[in-house]
**Student:** 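Can you keep this structure in mind? I'll have questions shortly.
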Amino acid sequence: MMLARGLGFCSVPDPFVARGFVGRREPAGSAQAGRIPPGQHLVKDFPVLSAGPTPRTPLQKWSFRIEGLVKEPASWSWTDFLKLPAQDFVKDISCVTKWTKLDTRWRGVSVDVLLEQVELDRRAAFVTAFSDGGYTTNVPLPELINGQSFVAYEYDGKPLAPEHGGPARLVVPHLYFWKSAKWVRGLRVMERDEPGFWESLGYNNHGDPWKEERYTGD
Amino acid sequence: MTEAKGDDLVLDGNAVAGTLAEIYGDDMTTVLAECANCGKVDHVGGLLAYVRAPGIVLRCTACQTVMVRIVQTPNRTFVDVRAKRMPAAPRT
């Protein structure tokens with residue numbers, strides 16, 4: 001029989017700290033310092049974090065869908081998605097595991113462009129991004145629009161690598177990077193907020209790095 | 001043990017034995033856990049462990065369904081057990 005010794009919900013030491021996990025630390029110049037949120041450190045590499053196996057959906061089977069509180073759901077094949085108006089984006093990104101990477105270069109489709117293809121229900125207030133592998137994350141609808149987020153399929157001038165979420169990932173650069181769902185396959189528009197994979201287990205529901213909204217209650 | 005699966009870094013459940021022992025107060029690696037999706041039964045120490053993430057995720061070796069999630073914050077530890085047979089984490 002197992003013994004419970006009262007350690008069920010307590011603070012325990014970090015079990016793993018690997019260089020690939022935290023990234024290679026770089027000193028920040030004074031011009032850069034103002035772009036690094038509190039509690040973060042600068043990295044030059046691009047650490048890979050993943051809570052599961054890397055999906056490898058063939059592009060001919062890939063699609064992106066907007067569903068939920070819309071008059072008619074919209075869906076794009078990979079070929080159709082690439083025909084949508086695309087933009088280049090240069091953004092700073094911050095991971096809740098405390099690394100920040102400046103001037104990341106992406107190409108993709110603004111969520112504004114995607115939402116232009118559907119008629120939103122007047123109750124639409126929240127979005128759940130869903131991905132291959134079952135990952136979900138939630139973002140208030142107003143924080144995805146007006147140029148604040150995009151679905152990227154290129155990084156640094158090359159197709160987005162699978163370990164970084166390719167063929168396509170949501171990028172919401174003003175929130176911690178767990179909100180930028182890798183392997184994204186669609187957006188579900190909802191009336192009520194629904195905590196996602198990490199938000200339902202101790203991570204902050206909002207995730208603003210400038211407010212250090214890391215954990216529930218921050 | 002570290003096992004390369006494509007470009008993923010996958011450990012096994014033994015790699016998080018210490019964390020599980022702190023949560024449960026006992027060694028959990030020999031406890032049996034049954035996948036709620038496919039029914040595969042494994043020792044917890046044999047599950048796939050993903051630790052390069054905001055938390056620890058243990059998955060089924062057959063279908064890779066999530067069986068356990070653990071998040072450690074500065075103030076508390078959150079545990080979500082989805083596997084059958086495996087006991088829920090004790091609360092204090």
Side-chain angles (χ1 to χ4, degrees), chain A residues 1-23 39 47-56 95-98 132-137 161-164 166 176-179 182 196-204 207 212 214-218, chain B residues 2-11 14-28 30-31 37 44 48-61 63-82 86-92:
Chain A
M1 177 181 161
M2 254 183 324
L3 299 174
R5 295 183 187 139
L7 295 172
F9 286 84
C10 62
S11 181
V12 290
D14 288 342
F16 297 97
V17 179
R19 187 162 63 180
F21 181 56
V22 299
V48 174
L49 281 74
S50 184
T54 301
R56 295 178 186 277
C95 177
V96 73
T97 59
K98 301 196 173 180
D132 278 327
Y135 183 79
T136 58
T137 188
E163 64 268 27
H164 287 303
Y176 281 125
F177 215 42
W178 89 76
K179 297 285 189 180
K182 291 179 171 184
F197 188 86
W198 293 120
E199 295 87 352
S200 63
L201 198 74
Y203 278 93
N204 192 276
E212 281 206 77
R214 299 180 192 277
Y215 307 112
T216 302
D218 285 349
Chain B
T2 301
E3 180 185 350
K5 286 202 166 188
D7 47 16
D8 297 325
L9 177 67
V10 188
L11 307 177
N14 291 312
V16 296
T19 301
L20 289 168
E22 289 196 58
I23 293 167
Y24 282 90
D26 207 346
D27 176 28
M28 292 297 291
T30 58
V31 171
N37 181 52
V44 171
L48 302 176
Y50 291 83
V51 301
R52 280 190 182 179
I56 295 168
V57 179
L58 300 180
R59 291 178 178 267
C60 172
T61 57
C63 71
Q64 300 175 335
T65 291
V66 174
M67 294 178 73
V68 182
R69 298 185 299 157
I70 302 169
V71 167
Q72 297 169 300
T73 78
N75 299 316
R76 59 185 286 197
T77 295
F78 296 82
V79 184
D80 172 32
V81 176
R82 300 181 182 180
M86 186 175 168
R91 284 176 172 269
T92 58

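Sequence lines set the chain letters: A, B, ... in the order given, protein chains first and strands last, and positions in each chain run from 1.
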**Student:** Does P53(A) reach the side chain of R59(B), with side-chain heavy atoms less than 4.5 Å apart?
**Tutor:**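 Yes, at least one pair of side-chain atoms sits under 4.5 Å.
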**Student:** Pick whichever of T65(B), V71(B), V57(B) has the most heavy-atom pairs under 4.5 Å with chain A.
**Tutor:**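 Heavy-atom pairs under 4.5 Å are most numerous for V71(B).
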**Student:** Determine the sole option in F177(A), Y176(A), Y203(A) for which the side-chain contact (heavy atoms from CB on, under 4.5 Å) test with P54(B) is passed.
**Tutor:** Y203(A)
**Student:** Rounded at 0.5 Å granularity, tell me how far CZ in R69(B) sits from CZ in F197(A).
**Tutor:** 5.0 Å
**Student:** If I take atom CG from residue L49(A) and atom CZ from residue R52(B), how far apart are they, to the nearest 0.5 angstrom?
**Tutor:**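 Answer rounded to 0.5 Å: 8.5 Å.
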**Student:** Once you round to the nearest 0.5 Å, how far does CG of L9(B) lie from OG of S50(A)?
**Tutor:** 10.0 Å
**Student:** How many angstroms lie between atom CZ of F78(B) and atom OH of Y215(A), to the nearest 0.5 angstrom?
**Tutor:** 10.5 Å
**Student:** Show the nearest heavy-atom pair for residues L201(A) and I70(B), with the distance to one decimal.
**Tutor:**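 Looks like CD2-N, 4.0 Å.
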